[in-house]
Amino acid sequence: MSSLWAGEMPVAIHFNKRTHRNDELRAQHAGQSAILVGWVNSYRDHGGMVFIDLRDRGGITQVKFNPETDPKAHALARSLRNEDCVAVEGRVGLRGENVNPKLPTGEIEVEARALDVLSKSDATPFEIDDFTKANEDLRLQYRFLDLRRPSMQRVLRLRHDISKAVRDYFDQEGFLEIETPFLTKSTPEGARDYLVPSRLQPGHFYALPQSPQLFKQLFMVAGCDRYAQIVRCFRDEDLRADRQPEFTQIDLEMSFVDMDDVMTAVEGCVAAMFRAGRNIEVERPFPRVRFAEAVDRFGIDRPDTRFGLELTDVTEIVRGTEFKVFSGAIEAGGVAKCLCVKAAEGADKLTRKITDGLSEELKGIGAGGLPVTKVVEGQDGTELATGVAKFVQPVRDALCERVGAEPGDVMFFAAGPYNDVCKFLHHARTRLIEILQLKPSKPWELLWVVDFPMFEWDEQEQRYYSTHHPFTSPRDEDVALLDTDPAKVRAKAYDLVLNGTEMAGGSIRIHRRDIQQKVFKLLGISDEEAKEKFEFLMEALRFGPPPHGGIAFGLDRWVMLLADKESLRDVIAYPKTQRAVCPLTGAPGPVATGQLEELGIDLRPEVWAKLEQRPSGPDQHVHRKHDE
RNA sequence: GGGGCCGUAGCUCAAUUGGCUAGAGUACCGGACUGUCGAUCCGGUGGUUGAGGGUUCGAAUCCCUUCGGCCUCGCCA
């Protein structure tokens, strides 16, 4: 290579015989000889002495080139640039007074006797370190460089450690890891499917699995007893920071169990993940909260209970007030709830600007606004000031007593249908926690939400939907209600919530065919439809299915939280952008028309038109009408 | 599909009310320097201000269209 020292043959170092990784050498190794490989993280050329920081996936070791002792290696070292891939042979030396306390290997350096440039690097599009920031789009386009950064390497390692802990745990607990197909059948309910056209049967499509739900239930019918898999799932819906079109689930199913058995198994798995990821021992069992209570107190079925700001029902107190927003909503069958910010929580920071801003935000999600009032110390005791004060003044004492409000506090209200009120105040609560920068009572809070209703009534479509999914079992004591009052039936379902984020959801499944049929009927799924869509499950239920249940949790989200990252993209090696594009590969891309023909697929005229409009870049293959 | 933020040198950013040759740090190139460690010092290259159109004597700045990225609602376990 021309970049090698002119006239010299490259020094042949047996790079495949490296002796250490770059985070391993310590003072105790002083005097030993070592072969290291890696990338040039930085170089410092003093004219005389040359230093390079050599990086591999584990860490950094300083290498010293001395012109007096090793002129050849030194001369070559002067040509090194960032991200060159090199091998170094030398002696481990103590740094004496020049110890670098920032590096674990800072007590030593490798005094190079020989240097081999394995390959040169062009100037990188961004610098490979944790100091400089680069546009995320660029990072994803050059993900192989982005992943060289120590912080990304740490994430990959963390993810590996967590996955391994999960596998070890399930192995130990007697679970079998069995793979399920990716080319499978489209399921009717749930998210939009990713479809894969069939060549052998034109006009037919496989769907990529949204989850292995049915397959794992069949494993139970098959007598596998305990199944667990770390498996990729696919959902063709719009992306978010915490949502990718393909994501990884920890999926499990168990036979001859009830809710407690599954929950205990999951708690063990979560404990193993925390141990592996953060070296934290979590307290078990996790507390449980009933769905109805969670929604009542926090407005949401996945509450973050580490903060105060609980909701209080004030329907009866404000029922008769002059304020139409309250009285009208209540007369129409709605409720009124109050969220009280205590003085100690920083209620005085809630300026008019902030409360107005919150009100606007709430209008954005369908609220009429966010009525507010302040509790103040007046001449004759506690009084209300500003906002809706004059309307609620007549019920002031009852209101303050009910809510526990004291001078200095600020009260927010919402009135209307129960679900709306909860939704609005949950939003307000979440934002207030951010705005007031409230400190959580503890860093991690794991809790179970249980006793979900089986069904939710859809007012618009006048039909029931499954809260969980159609195979979820009702609680034994509620089975009779299926015939009389379906809305009251509680499900054997459980969600695991971490710091206000749903991290896992599962249920005990229906293992009796008659109950499954009854549930389908309630959901408006006809016998023919059930047979068509879930034929194999319905068939399986004929042949002695065991009582069973399971759960699935999103591995990506767990890694994200344990890695203190705010985006799933930071914990997935090759993630997609918001438009579900992979900047690295350019996927999705067009294909040759021949491929489409084989599949019996033709693009619609308007799709063609759009494709032809698009400026085709140098590396972009547009569908060609004539095959190449 | 709706709302919001953003796009200027390889990278991260600046550019006052629409006004002088669009600047800085870093990277890169050249030079100096024997203990640095996000090395330092001196010098240099580098710009279709995402793209297209418009308003104007004059546009990075204002308007329209479009492409791309992020956040979010809808959607989604």
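Chain letters run A, B, ... following the sequence lines, proteins first, then strands; residues in each count from 1. Predicted model only: the values in this text are computed from it and were never measured.
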S.K.: Please state how far atom CG in A:Asn82 lies from atom C1' in B:rC11, giving the value in whole angstrom units.
M.R.: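 So the two atoms are 13 Å apart, to the nearest Å.
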S.K.: Suppose you measure atom P in B:rU17 against the same atom in B:rG1; what distance do you get, rounded to whole Å?
M.R.: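 37 Å, rounded to whole Å.
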S.K.: For A:Glu127 and B:rG38, what is the distance between atoms CD and C1' respectively, to the nearest whole Å?
M.R.: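 So the CD-C1' distance, A:Glu127 to B:rG38, works out to 9 Å.
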S.K.: Tell me which nucleotide, if any, is Watson-Crick or G-U wobble paired with B:rU66 when both distances must be under 3.5 Å.
M.R.: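 The answer is B:rG50, by the H-bond criterion.
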S.K.: At less than 4.0 Å, is any side-chain N or O atom of A:Lys102 found next to OP1 or OP2 of B:rG38? Yes or no.
M.R.: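 For B:rG38, OP1 or OP2 has a side-chain N or O of A:Lys102 closer than 4.0 Å.
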S.K.: Please measure how far the P atom in B:rG46 lies from the corresponding atom in B:rA22, and state the result in whole Å.
M.R.: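 Per the computed distance, 13 Å lies between those P atoms.
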S.K.: It should be established whether A:Arg44 places a side-chain nitrogen or oxygen under 4.0 Å from OP1 or OP2 of nucleotide B:rA39.
M.R.: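 So the side chain of A:Arg44 is within the cut-off, an N or O lying under 4.0 Å from OP1 or OP2 of B:rA39.
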S.K.: So for A:Arg579 and B:rC70, does any side-chain atom that can act as donor or acceptor lie under 3.5 Å from a complementary atom in the base?
M.R.: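 Such a pair does not exist between side chain and base.
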S.K.: Please measure how far the P atom in B:rA59 lies from the corresponding atom in B:rC20, and state the result in whole Å.
M.R.: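 Those two atoms are separated by 11 Å.
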S.K.: Taking CD from A:Glu107 and P from B:rG35, how many angstroms apart are they, rounded to a whole number?
M.R.: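 It is 22 Å, rounded to the nearest whole Å.
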S.K.: Could you please name the partner base of B:rU17, counting Watson-Crick and G-U wobble pairs only when both distances are under 3.5 Å?
M.R.: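 Result: none.
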S.K.: Between B:rC11 atom C1' and A:Leu138 atom CG, what is the distance in whole Å?
M.R.: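 Distance check: A:Leu138 CG to B:rC11 C1' gives 8 Å.
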S.K.: Please check this pair: side chain of A:Asp556 against backbone of A:Thr248, looking for a donor-acceptor N/O pair closer than 3.5 Å.
M.R.: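 Yes; at least one donor-acceptor contact below 3.5 Å.
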S.K.: Can you tell me the pairing partner of B:rC28 across any strand shown, Watson-Crick or G-U wobble, with both distances under 3.5 angstrom?
M.R.: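 Its partner is B:rG44.
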S.K.: Going by the angle between their ring planes, with limits at 30° and 60°, are A:Phe291 and A:Phe452 parallel, tilted or perpendicular?
M.R.: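 A:Phe291 vs A:Phe452 ring planes: tilted.
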S.K.: Which listed nucleotide (B:rC70, B:rG35, B:rC29) is nearest to the side chain of A:Lys64?
M.R.: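 It is B:rG35.
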S.K.: Just how far, in rounded Å, is C1' of B:rC37 from CG of A:Asp130?
M.R.: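 Going from CG in A:Asp130 over to C1' in B:rC37 covers 16 Å.
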S.K.: Any chance the rings of A:Tyr227 and A:Phe215 have centres within less than 6.0 Å?
M.R.: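 Distance test on ring centres: not under 6.0 Å, no.
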S.K.: Between atom CZ in A:Arg149 and atom P in B:rG38, what is the gap in whole Å?
M.R.: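 Rounded to whole Å, this separation is 17 Å.
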S.K.: Is there a donor-acceptor pair under 3.5 Å between the side chain of A:Arg95 and the backbone N or O of A:Ile108?
M.R.: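 Side chain of A:Arg95 to backbone of A:Ile108: a pair is present.
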S.K.: At less than 4.0 Å, is any side-chain N or O atom of A:Arg569 found next to OP1 or OP2 of B:rC71? Yes or no.
M.R.: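 Checking B:rC71 against A:Arg569, a side-chain N or O does come within under 4.0 Å of OP1 or OP2.
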S.K.: Does A:Glu109 contact B:rG35 through a side-chain donor or acceptor facing the base, at a distance under 3.5 Å?
M.R.: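 Flag set: donor-acceptor pair detected.
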S.K.: Using whole Å, what does the distance between atom C1' of nucleotide B:rG68 and atom CD of A:Gln141 come to?
M.R.: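 To the nearest whole Å, that distance equals 12 Å.
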S.K.: May I ask you to say whether A:Arg91 pairs ionically with A:Glu111, meaning some side-chain N is under 4.0 Å from a carboxylate O?
M.R.: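 So A:Arg91 pairs with A:Glu111 through a salt bridge.
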S.K.: With rounding to whole Å, what would you report as the distance between B:rC33 and B:rA39 at their C1' atoms?
M.R.: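 It works out to 11 Å between them.
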S.K.: Compare every heavy atom of A:Gly48 with every heavy atom of A:Pro67, then report the nearest pair and how far apart it is.
M.R.: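 Reported closest heavy-atom pair: CD-O, 3.6 Å.
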S.K.: Nearest nucleotide by nearest heavy atom, which residue falls closer to the 5' end of RNA chain B, A:Ser42 or A:Val581?
M.R.: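 First, find each residue's nearest nucleotide; the 5'-ward one identifies A:Ser42.
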S.K.: Considering every strand shown, what is the Watson-Crick or G-U wobble mate of B:rG35 when both distances are under 3.5 Å?
M.R.: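 Base partner found: none.
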S.K.: Distance check needed: B:rG31 P versus A:His46 NE2, whole Å only.
M.R.: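 In whole Å, B:rG31 P lies 17 Å from A:His46 NE2.
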S.K.: Choose from B:rC11, B:rC28, B:rC37 the nucleotide whose nearest atom is closest to any side-chain atom of A:Arg95.
M.R.: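 Closest nucleotide to the A:Arg95 side chain: B:rC37.
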S.K.: Pick the P atom in B:rC62 and in B:rA15, then give their distance to the nearest Å.
M.R.: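 It comes out at 13 Å once rounded to the nearest Å.
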S.K.: Touch check for A:Asn100, heavy atoms < 4.0 angstrom, all strands: base, sugar-phosphate only, or nothing?
M.R.: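 Here A:Asn100 touches the bases of the nucleic acid.
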S.K.: Using a heavy-atom cut-off of 4.0 Å across all strands, would you classify A:Arg78 as base, sugar-phosphate, or nothing?
M.R.: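 Answer is base: heavy atoms of A:Arg78 come under 4.0 Å of a base.
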S.K.: Partner lookup for B:rU56, please. Criteria are Watson-Crick or G-U wobble with both distances under 3.5 angstrom; report none if nothing qualifies.
M.R.: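 None - no nucleotide pairs with B:rU56, as no candidate has both distances under 3.5 Å.
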S.K.: Would A:Arg431 and A:Glu434 pass as an ion pair if we require N to O under 4.0 Å?
M.R.: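 Looking at A:Arg431 and A:Glu434, the cut-off is met.
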S.K.: Please identify each residue that fulfils side chain to side chain contact (heavy atoms under 4.5 Å, CB included) with A:Thr355, with sequence neighbours left out.
M.R.: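 So A:Thr355 forms a side chain to side chain contact (heavy atoms under 4.5 Å, CB included) with A:Leu350, A:Arg352, A:Val372, A:Phe412.
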S.K.: When the C1' atoms of B:rC67 and B:rA24 are considered, how many whole Å apart are they?
M.R.: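 Straight-line distance between the two C1' atoms is 29 Å.
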S.K.: Taking the minimum atom-to-atom distance to the side chain of A:Ala134, which one of B:rG38, B:rC70, B:rC11 wins?
M.R.: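 Between B:rG38, B:rC70, B:rC11, the one nearest the side chain of A:Ala134 would be B:rC11.
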S.K.: At under 4.0 Å between heavy atoms, how does the protein contact nucleotides 72-77 of chain B? Give one character per nucleotide, 5' to 3', with B, S or -.
M.R.: BBBBBB
S.K.: Once hydrogens and angles are ignored, does a donor-acceptor distance under 3.5 Å link the base of B:rG35 to the side chain of A:Asn98?
M.R.: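 Flag set: donor-acceptor pair detected.
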S.K.: Mark yes or no: A:Arg463 above the aromatic ring of A:Tyr465, with NZ or CZ under 6.0 Å from the six-membered ring centre and no more than 45 degrees from the axis.
M.R.: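 Here A:Arg463 passes the 6.0 Å and 45° test against A:Tyr465.
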S.K.: Could you tell me whether A:Asn135 contacts a base, only the sugar-phosphate backbone, or nothing, with contacts defined as non-hydrogen atoms closer than 4.0 Å?
M.R.: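 Result for A:Asn135 = sugar-phosphate.
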S.K.: Using a cut-off of less than 4.0 Å, is there contact between a side-chain N or O of A:Tyr43 and OP1 or OP2 of B:rC28?
M.R.: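 Yes, because at least one side-chain N or O of A:Tyr43 sits under 4.0 Å from OP1 or OP2 of B:rC28.
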S.K.: For atom C1', what is the distance between B:rG50 and B:rG69, given to the nearest Å?
M.R.: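 Each nucleotide's C1' atom is 11 Å from the other's.
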S.K.: Between B:rG7 and B:rG52, how far is it from one C1' atom to the other, in whole Å?
M.R.: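 Between the two C1' atoms, the distance is 16 Å.
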S.K.: Is the base of B:rG35 stacked against the aromatic ring of A:Phe51, taking ring centres under 5.5 Å apart and planes under 30° as the test?
M.R.: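 Whether judged by distance or by angle, A:Phe51 falls short somewhere, so it does not stack on the base of B:rG35.
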S.K.: For the base of B:rU36, is there a side-chain donor-acceptor partner from A:Gln62 under 3.5 Å away?
M.R.: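 Side chain to base: pair present.
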S.K.: Between A:Leu239, A:Leu568, A:Leu140, which is the residue that forms a side chain to side chain contact (heavy atoms under 4.5 Å, CB included) with A:Pro575?
M.R.: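 The side chain to side chain contact (heavy atoms under 4.5 Å, CB included) with A:Pro575 is passed solely by A:Leu140 among A:Leu239, A:Leu568, A:Leu140.
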